[in-house]
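See structure below.
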Amino acid sequence: MDSQDVHDDLEEVLYTADQIQARIGELAAEIDRDYADKDVLIVGVLKGAVMVMADLSRALSSHIAMDWMAVSSYGSGTKSSGVVRILKDLDADLMNRHVLIVEDIIDSGLTLSWLKANLQSRGPASVEICTLLRKPDAAKVPIDVKYIGYDIPNKFVVGYGLDFAEKYRNLDCIGILAPHVYE
Ligand code: IMP
Ligand code: MG
């Protein structure tokens with residue numbers, strides 16, 4: 001679906017499908033350069049990172065392996081607590097491999113800082129993070145992120161994998177959800 005299909009629900013389109021593809025192409029070029037001749041495993045965090053993984057992986061010009069994790073963070077209501085449970089673990093062994101975690105968005109950073117430490121404990125050669133979006137004003141823990149698509153305001157966004165109550169993941173752009181949808 002595109003922004004016209006849900007135009008009443010969006011306050012504003014932040015990034016169009018074309019802008020997202022262009023930015024992902026730039027990130028892929030950086031990753032290709034940084035990881036030349038290395039054994040890379042990209043790890044997607046389900047479900048939000050599905051679109052970024054699909055487009056980023058195809059924009060890379062080198063061989064990579066792909067794996068997936070699903071985690072849930074416990075918290076009160078909509079707030080992330082940093083207490084994370086693994087719902088689906090990796091199939092791959094990380095020993096001596098270069099791991100790149102691919103995320104849709106970093107909000108408080110609690111989930112990802114837990115995940116990064118967890119993967120680091122498995123003996124990889126390196127663990128880095130690539131996220132399409134980051135909300136700098138929402139950060140609760142410092143987290144080192146190597147590749148960032150866009151820094152965005154501290155508003156609730158949907159589309160391109162990001163959901164509200166499992167909707168809007170299949171929206172081709174990224175937009176700010178209008179408050180009347182969730183209030
Ligand atoms: P945190 O960084 O631990 O706070 O949690 C990040 C997770 O919260 C992301 O992976 C998303 O699933 C979800 N999330 C945070 N902000 C948004 C948003 O604006 N729209 C949709 N999901 C979000
Ligand atoms: Mg997510």
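One-based numbering, in listed order, for ligands and for the atoms of each.
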TODO: Decide if atom NE2 of His180 counts as having more than 12 heavy atoms of other residues, nucleotides or ligands within a radius under 6.0 Å.
DONE: yes
Report the part of [X] (side chain from C-beta onward, or backbone N, CA, C, O) that has a heavy atom under 4.0 Å from ligand 1; answer both or neither where that applies.
X      : result
Lys140 : neither
Val158 : neither
Leu162 : side chain

Run the numbers for me: atoms of ligand 1, each under 4.0 Å from some heavy atom of [X], listed by number.
X      : value
Asp163 : 21 (C)
Asp104 : 10 (O)
Gly109 : 1 (P), 2 (O), 4 (O)
Glu103 : 10 (O)
Lys135 : 16 (N), 17 (C), 18 (C), 19 (O)
Thr111 : 1 (P), 3 (O), 5 (O)

Task: Nearest-0.5 Å distance that lies between atom NE2 in His63 and atom CG in Asp37 - done: 11.5 Å
- [ ] Give a yes/no verdict on a cation-pi contact between Lys146 and Tyr35, requiring under 6.0 Å between NZ or CZ and the six-membered ring centre and an angle within 45° of the axis.
- [x] yes
Task: Side-chain heavy atoms of Val158 within contact of Phe156, under 4.5 Å - done: yes
Task: Beyond-backbone contact of Leu56 with Ile31, side-chain heavy atoms, under 4.5 angstrom - done: yes
Task: For Thr131, the option from Ile106, Asp104, Val102 that meets side-chain contact (heavy atoms from CB on, under 4.5 Å) - done: Ile106
Task: Closest heavy-atom pair and its distance - Ser57, Ile64 - done: CB-CD1, 4.2 Å
Open item on the list: Tell me whether Val157 has any N or O atom under 3.5 angstrom from an N or O of ligand 1.
Closed with: yes
